[in-house]
Student: 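Dropping a structure here in structure tokens format, bear with me for questions.
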Amino acid sequence: MESWLSKQSASLLLFFIKFLVFVELPVSLCAYDWYSRCSNDRFNCGKITNVGYPFWGDARPDACGHPDLKLNCAKDITTIEIKRLTYRVLAVNESTKILKIVRDDYWGGICSPRLENTSLDHDLFDYGPGYLNITLEYGCLIPGLSTCTINGFTNTGVIVQIGAQGPGLCTASVVFPVAILNLDNGARENLELIEAAIKGGFDVKWKEETAACSACTESKGVCGYDVISKNRTICYCPDQRYGSTCPSSPAGSPQVPPTETGMH
Ligand SMILES: *[C@@H]1O[C@H](CO)[C@@H](O)[C@H](O)[C@H]1NC(C)=O
Ligand SMILES: *[C@@H]1O[C@H](CO)[C@@H](O)[C@H](O)[C@H]1NC(C)=O
Ligand SMILES: *[C@@H]1O[C@H](CO)[C@@H](O)[C@H](O)[C@H]1NC(C)=O
Ligand SMILES: *[C@@H]1O[C@H](CO)[C@@H](O)[C@H](O)[C@H]1NC(C)=O
């Protein structure tokens, strides 16, 4: 009788362990399969499709991209924030690592500026080739100019300069890049054409950890970001380990599995 009881409790225990193993474990393994998630959950929004590392956002988890390279999606429009200014993303080219962006405050025209100069986060981006800095000068007391009514001023003249360093005789100035291509055809002298040229955007080239990510990709991993230290690219491997690269054989040195802190 004694031994029957202990057999019963042993099989109950076994049942409980099986329950844990077969019910709990697969769920958590799925949740932490960052290799599949970062491979498959690409960023898609309107015309911007199939974007991967170093970007994340929308359905693509933060563990799959650099913390400062979040893409937002609203009504099929993709935006990114760079140094607290919002930019619309017109195109993403992963082979050239170029984003084509436009300041969102200039999308609807030149009369609703944030009155802030454009500046890139140079840890993340460089200017792409083929642009000129244009300067829009507001509050110019020069008769006969096109005018804008903007915060703080009324009926103030606007002038467009190439490469000017400040407001000059006007009250405020905003500098930003425009693709040289779009400035052809007289756009430099005509405010409507300037508005169209601005909407054409300018190119920035992203710099994020090219070498670390290539090493990862070459080892058959998929690039992601260390969501805990928030300071390095990491490599998610098909066998669900991770490290700086994936081991070349399954017998490679074991690595610590990702923890729940990475979940979002
Ligand atoms: C990326 O840029 C290259 C070189 O300009 C071009 O050949 C390629 O078609 C572009 N790719 C996409 C997806 O636009
Ligand atoms: C445009 O302005 C930025 C920011 O002031 C500067 O870093 C860059 O060198 C300028 N580019 C050109 C072509 O003048
Ligand atoms: C933009 O930079 C110029 C100097 O290059 C400065 O004179 C101007 O005030 C700045 N504009 C704003 C809005 O800060
Ligand atoms: C990244 O962060 C970890 C822990 O937060 C720290 O130990 C490590 O030195 C950092 N590495 C770099 C390159 O900053």
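First listed ligand is number 1; within each ligand, the first listed atom is number 1.
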Student: Give a table of atom pairs where an N or O of ligand 3 lies under 3.5 Å from a protein N or O.
Tutor:
from, atom 1, to, atom 2, distance (Å)
ligand 3, 2 (O), Asn117, ND2, 2.2
ligand 3, 5 (O), Gln165, O, 2.9
ligand 3, 11 (N), Asn117, OD1, 3.4
ligand 3, 11 (N), Asn117, ND2, 3.1
ligand 3, 11 (N), Ser173, O, 2.9

Student: Could you check whether Asp203 pairs with Lys100 (Lys NZ or Arg NE/NH1/NH2 to Asp/Glu carboxylate O, under 4.0 Å)?
Tutor: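 Looking at Lys100 together with Asp203, the answer is yes, because their closest N to O distance falls below 4.0 Å.
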Student: Can you name the nearest heavy-atom pair linking Ile159 to Cys170, along with the distance?
Tutor: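 Of all heavy-atom pairs spanning Ile159 and Cys170, the closest is CD1-SG, 3.9 Å.
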Student: Below 4.0 angstrom from a heavy atom of Ser95, which ligand 1 atoms are there? Numbered from 1 as shown, please.
Tutor: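 Answer, ordered by atom number: 1 (C).
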Student: Decide, based on the SG atoms alone, whether Cys223 and Cys216 are under 2.5 Å apart.
Tutor: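 No, no disulfide: SG-SG not under 2.5 Å.
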Student: Scan the side chains in residues 102-112 for donor-acceptor partners under 3.5 Å anywhere in the protein, sequence neighbours excluded, and list what turns up.
Tutor:
from, atom 1, to, atom 2, distance (Å)
Arg103, NE, Asp105, OD1, 3.0
Arg103, NH1, Glu116, O, 2.6
Arg103, NH1, Thr118, OG1, 3.0
Arg103, NH2, Asp105, OD2, 2.8
Arg103, NH2, Glu116, O, 3.0
Asp104, OD1, Arg88, NE, 2.8
Asp105, OD2, Arg114, N, 2.8
Tyr106, OH, Tyr138, OH, 2.8
Ser112, OG, Asp105, O, 3.3

Student: Which atoms of ligand 1 have any heavy atom of Thr96 under 4.0 Å away?
Tutor: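 Within the 4.0 Å cut-off of Thr96, ligand 1 contributes 2 (O), 3 (C), 4 (C).
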Student: For ligand 1, which atoms sit closer than 4.0 Å to a heavy atom of Asn93?
Tutor: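 Matching atoms, with element in brackets: 1 (C), 2 (O), 3 (C), 8 (C), 10 (C), 11 (N), 12 (C), 14 (O).
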Student: Could Lys207 and Asp126 be called an ion pair, given the rule that one side-chain N must be under 4.0 Å from one carboxylate O?
Tutor: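 Answer for the salt bridge query: yes.
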Student: Would you kindly say whether the two SG atoms, from Cys237 and from Cys246, are closer than 2.5 Å?
Tutor: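 Disulfide present: SG-SG distance under 2.5 Å.
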Student: What about the rings of Trp206 and Phe55, do their centers lie closer together than 6.0 Å?
Tutor: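 Aromatic pair counts; centres sit under 6.0 Å.
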